[in-house]
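Each remark here refers to the structure printed beneath this line.
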Amino acid sequence: MTLEEVVGTNSTDKKMETVSQALEELLVAAQRQDCLTVGVYESAKLMNVDPDSVVLCLLATDEEDEDDIALQIHFTLLQAFCCDNDINILRVSGMRRLSQVLGEDTEDSNGNEPRDLHCILVTNPPVQPLQCQALQDVSSFCEESRCRNQWVPCLELQDG
């Protein structure tokens, strides 16, 4: 391995860590301002009605979800819709960390199933838009990835 490869790898890892932190901050801020739509079906409905309000589509999976054909088909359709409507897309792994960030319980006290975190939309309402550096950081990362022909960048969320 050359020095350039070592330095490049370290800087890439650092960049991914920074973007992961920005994503977590963005999700918390968006949740506080009621700018999150959680769930594959809920997300598809919102994008059908108001695609212009969506600024980020987060597609989350873990290894055990890779064989879920129905979920992969949903992801393919959501990705195509996002590309057609200039919506930033980000694939993440680390469902457990994602549920921690969003304060999700595995089951609520009534024994109900947890929310479907496989697809999360961040919306930016025109009335009171999200004003946070984290949104800009994540958007920049998505844009840089597209410039490198990586249309759906991937991030791994680390347990905190």
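What's counted below: heavy atoms across the whole structure, side chains too, no hydrogens, waters or symmetry copies. What you see is a predicted model, and the numbers here were worked out from it, not measured in a lab.
Both Ile120 and Val101 belong to a common hydrophobic cluster when Ile, Leu, Val, Met, Phe, Trp and Tyr are linked at side-chain heavy-atom distances under 4.5 angstrom. Neither Met95 nor Leu71 shares a network with the other; the hydrophobic side chains, linked directly or stepwise wherever heavy atoms of I, L, V, M, F, W or Y lie under 4.5 Å apart, form separate groups for each. No path of Ile, Leu, Val, Met, Phe, Trp and Tyr side chains, each step under 4.5 Å between heavy atoms, connects Leu135 with Leu121, placing them in separate hydrophobic clusters.
Considering only heavy atoms from C-beta on, Leu58 comes within 4.5 Å of Leu98 through its side chain. At least one side-chain heavy atom of Cys119 sits less than 4.5 Å from a side-chain heavy atom of Cys57. A 4.5 Å side-chain heavy-atom check between Ile87 and Leu56 finds every atom pair outside the cut-off. Asn88 has its side chain out of reach of Cys82: every pair of non-hydrogen atoms, C-beta onward, lies at least 4.5 Å apart. The shortest side-chain heavy-atom distance between Val92 and Glu156 does not fall under the 4.5 Å cut-off. Residues Thr61 and Phe75 meet the side-chain proximity criterion, which asks for heavy atoms closer than 4.5 Å. Counting heavy atoms from C-beta on, the side chains of Glu17 and Ser20 never come closer than 4.5 Å. Two residues are said to be in side-chain contact when any heavy atoms from C-beta on lie closer than 4.5 Å; His74 and Tyr41 meet this criterion.
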*List the steps, then state whether side-chain contact (heavy atoms from CB on, under 4.5 Å) holds for Val28 with Leu102.*
CA-CA 7 Å; Val28 169; Leu102 296 175; 6.0 Å; no
*Give the C-alpha distance, both sets of side-chain angles, the deciding distance and a yes or no for side-chain contact (heavy atoms from CB on, under 4.5 Å) between Val122 and Leu36.*
CA-CA 5 Å; Val122 177; Leu36 282 187; 3.7 Å; yes
*Could you go through the side-chain contact (heavy atoms from CB on, under 4.5 Å) check for Gln79 and Leu59 one step at a time?*
CA-CA 9 Å; Gln79 286 172 197; Leu59 303 175; 3.5 Å; yes
*Take Ser139 and Gln136 through the side-chain contact (heavy atoms from CB on, under 4.5 Å) test and state the conclusion after the steps.*
CA-CA 5 Å; Ser139 295; Gln136 292 172 350; 5.7 Å; no
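Remark: side-chain polar atoms of Asn124 are not paired, donor with acceptor, to backbone N or O of Val55 under 3.5 angstrom. A side-chain donor-acceptor contact under 3.5 Å links Asn85 to the backbone of Phe81. No donor-acceptor distance shorter than 3.5 angstrom exists from the side chain of Thr123 to the backbone of Val54, with no hydrogens or angles considered.
Note that CD of Glu24 is 8.0 Å distant from CG of Leu27, once rounded to the nearest 0.5 Å. To the nearest 0.5 Å, atom CD of residue Gln21 and atom CG of residue Leu26 are 13.5 Å apart. Here the CZ atom belonging to Arg148 is positioned 11.5 Å from the CD atom belonging to Glu143, to the nearest 0.5 angstrom. The structure places CD1 of Ile73 at 12.0 Å from CG of Leu78, a figure rounded to the nearest 0.5 Å. To the nearest 0.5 Å, atom CZ of residue Arg96 and atom CD of residue Glu104 are 15.5 Å apart. For the atom pair Ser93 OG and Leu155 CG, the distance stands at 8.0 Å (nearest 0.5 Å).
Leu90 approaches Cys142 most closely through the heavy-atom pair CD1-SG, 4.4 Å. The heavy-atom pair separating Ile89 from Cys83 by the smallest distance is CD1-SG, 4.0 Å.
Between Arg115 and Glu42 there is no salt bridge, since none of the side-chain N atoms of the basic residue sits less than 4.0 Å from a carboxylate O of the acidic one.
Asp68 is linked by a side-chain hydrogen bond (donor to acceptor under 3.5 Å, both in side chains) to nothing, counting only residues two or more places apart in sequence or in another chain.
Within a 6.0 Å sphere centred on CD of Glu63, other residues, nucleotides and ligands contribute 12 heavy atoms or fewer.
There is a side-chain donor-acceptor pair under 3.5 Å between Ser53 and Asp50.
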